[in-house]
Amino acid sequence: MSPYIHGRRNLIHIIDLRETLRGILRAQNVLYHLSAEGSSILWVGTKRQVKGVIQDAGQRTGMPIVTERWIGGTLTNFSVIRSRLKRLEELEKIEEDPGSVVHYSKKMVSSLRRERRKITRNLGGIREMLSMPGAMVVVDPAREANAVREARKMGLVVIGILDTDCDPTLVDIVIPGNDDALKSVRLLIDQLVKSVEEGSANHRERLASMGVAEKKGGDEPIPTGDEPRPTRGNKLPEPAGRARRGRGRPGEDEDEDLRLPRGLQVEPS
């Protein structure tokens, strides 16, 4: 972390804010383009003081979050995680339907409710994550080492808010800052959330414009280049020479003159 440390005072390292600003700008650029392409962003922060900040970020952006213990295989074994979420939907249907609860004993109903609460607590934040996200924003990568390891294995862009006790080589974009202070984490996360919101708005506008264009194209008939044009009712223009001959010799039969070959026409005397 020496490139990101400005100095030391009373055995306390002072972070270089220029490196923090540089990391924020890089992260904003990446998050904006990913969200504009329709990719989701995974927010990870399991510290007690940053859980609320991560939850607010997930609600504002509509992206998946992880605020409880990172479940091993969340990214590398995504199919099993999806099966557990399907199990959560089944448990919710059982609890919502009073007729189905009657068929279970009290002990079984208590066990099903406990299972539902456990799945909701651990996987409720990634319930809407139907595909692999494009990037992951993690607070304190040293604490979330398993999450960072899985994200790097799956090829995700890892953006880390880290303190001087972390290894910056584990993440792709480093945002040095105090990851223990609530105000510091909220300030940094808000800047990233704004970029994601702008990119998502751009993505929605582009989808809406494409839908309007497709709708207009479906209503209008598409012309074909090989379609023949009607010519039966059209009349050819009368040649100028024929009209002059007809006006110059009234009373003579023009049809007889026209049926003669061109070289055998009789000149009037």
Side-chain angles (χ1 to χ4, degrees), residues 31 34-35 37-98 100-101 104 107-162 170-172 179 182 185-186 188-189 192-193 196-197 199-200 203:
L31 293 178
L34 287 176
S35 56
E37 294 174 358
S39 301
S40 59
I41 310 299
L42 178 60
W43 306 85
V44 180
T46 60
K47 284 185 175 180
R48 182 177 300 177
Q49 59 268 32
V50 302
K51 285 183 180 181
V53 179
I54 297 298
Q55 290 175 355
D56 293 341
Q59 293 177 358
R60 291 173 56 183
T61 59
M63 302 293 181
I65 61 172
V66 175
T67 57
E68 297 295 333
R69 182 177 66 89
W70 178 268
I71 304 299
T74 300
L75 298 177
T76 56
N77 201 5
F78 188 66
S79 58
V80 176
I81 299 299
R82 290 305 308 173
S83 65
R84 297 304 298 167
L85 292 175
K86 291 181 180 179
R87 174 61 176 171
L88 176 61
E89 295 177 358
E90 295 176 359
L91 295 175
E92 289 178 347
K93 291 180 180 179
I94 292 175
E95 189 172 358
E96 291 175 358
D97 188 7
S100 60
V101 179
Y104 297 95
K107 183 178 180 180
M108 189 63 182
V109 171
S110 177
S111 177
L112 293 177
R113 289 177 177 173
R114 184 166 58 251
E115 182 183 2
R116 182 184 62 82
R117 288 194 300 268
K118 183 178 179 181
I119 298 176
T120 303
R121 182 179 66 253
N122 294 330
L123 302 177
I126 61 173
R127 185 172 184 174
E128 303 299 331
M129 189 174 69
L130 304 179
S131 61
M132 197 64 61
M136 183 175 70
V137 179
V138 56
V139 180
D140 194 359
R143 181 185 177 93
E144 315 298 339
N146 293 333
V148 173
R149 191 180 302 112
E150 291 188 17
R152 293 177 63 86
K153 185 175 182 180
M154 299 305 297
L156 274 66
V157 179
V158 181
I159 301 172
I161 299 176
L162 42 84
L170 298 178
V171 299
D172 299 315
D179 55 14
L182 176 60
V185 174
R186 177 176 290 131
L188 298 176
I189 291 294
L192 303 181
V193 167
V196 175
E197 289 176 342
S200 300
H203 179 65

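Heavy atoms only: backbone and side chains are in, while hydrogens, waters and symmetry mates are out. Keep in mind that this is a model prediction, so the values were computed, not measured. Throughout, residue positions are numbered sequentially from 1 according to the sequence presented.
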May I have the list of side-chain donor-acceptor pairs in residues 37-44 shorter than 3.5 Å, sequence neighbours left out?
none

Between Lys118 and Glu68, does at least one N-O distance fall below 4.0 Å, as a salt bridge requires? no
Just so I know, are the side chains of Arg87 and Glu90 near enough to count as touching, which here means a heavy-atom distance under 4.5 Å? yes
Do side-chain atoms of Ser83 reach the backbone of Val80 as a donor and acceptor pair under 3.5 angstrom? yes
Would you mind writing out the side-chain donor-acceptor pairs for residues 135-162 within the sub-3.5 Å range, not counting sequence neighbours?
residue: Asp140; atom: OD1; partner: Ala142; partner atom: N; Å: 3.4
residue: Asp140; atom: OD2; partner: Lys47; partner atom: NZ; Å: 2.9
residue: Arg143; atom: NE; partner: Thr46; partner atom: OG1; Å: 3.2
residue: Glu144; atom: OE2; partner: Thr46; partner atom: N; Å: 3.4
residue: Glu144; atom: OE2; partner: Thr46; partner atom: OG1; Å: 2.3
residue: Asn146; atom: OD1; partner: Arg149; partner atom: NH1; Å: 2.8
residue: Glu150; atom: OE1; partner: Thr74; partner atom: N; Å: 3.3
residue: Glu150; atom: OE1; partner: Leu75; partner atom: N; Å: 3.1
residue: Glu150; atom: OE2; partner: Trp70; partner atom: NE1; Å: 3.4
residue: Glu150; atom: OE2; partner: Gly73; partner atom: N; Å: 2.8
residue: Arg152; atom: NH1; partner: Leu170; partner atom: O; Å: 3.0

Pairwise side-chain contact, Ser200 with Met63, heavy-atom cut-off 4.5 Å (strictly under): yes
Taking Val109's backbone N and O only, do any of them form a donor-acceptor pair with Arg114's side chain (distance below 3.5 Å, no angle check)? no
Just verifying a value: how many Å separate Arg113 CZ and Leu91 CG, rounded to the nearest 0.5 Å? 11.5 Å
Quick one: closest heavy-atom pair of Pro133 and Met129, and the distance? CD-SD, 3.7 Å
Answer whether the closest heavy-atom distance between the side chains of Ile81 and Ile126 falls below 4.5 Å. yes
CG-CD1 distance between Asn122 and Ile71, expressed to the nearest 0.5 angstrom: 4.0 Å
Take a 6.0 Å sphere around CZ of Arg127 and say whether it holds more than 12 heavy atoms from other residues, nucleotides or ligands. yes
Checking side chain to side chain contact (heavy atoms under 4.5 Å, CB included) for the pair Glu95/Leu112: CA distance, chi angles, key distance, verdict? CA-CA 9 Å; Glu95 189 172 358; Leu112 293 177; over 6 Å; no
Distance from Thr120 atom OG1 to Glu115 atom CD, nearest 0.5 Å? 10.0 Å
How long is the straight-line distance from CZ of Arg60 back to CD of Glu197, given to the nearest 0.5 Å? 4.5 Å
Asp179 side, atom CG; Gln49 side, atom CD - distance, nearest 0.5 Å: 8.5 Å
Listed by chain and number, what are the side-chain hydrogen bond (donor to acceptor under 3.5 Å, both in side chains) partners of Arg186, not counting sequence neighbours? none
Result for side-chain contact (heavy atoms from CB on, under 4.5 Å) between Thr67 and one of Ile54, Val53, Val50 points to Ile54
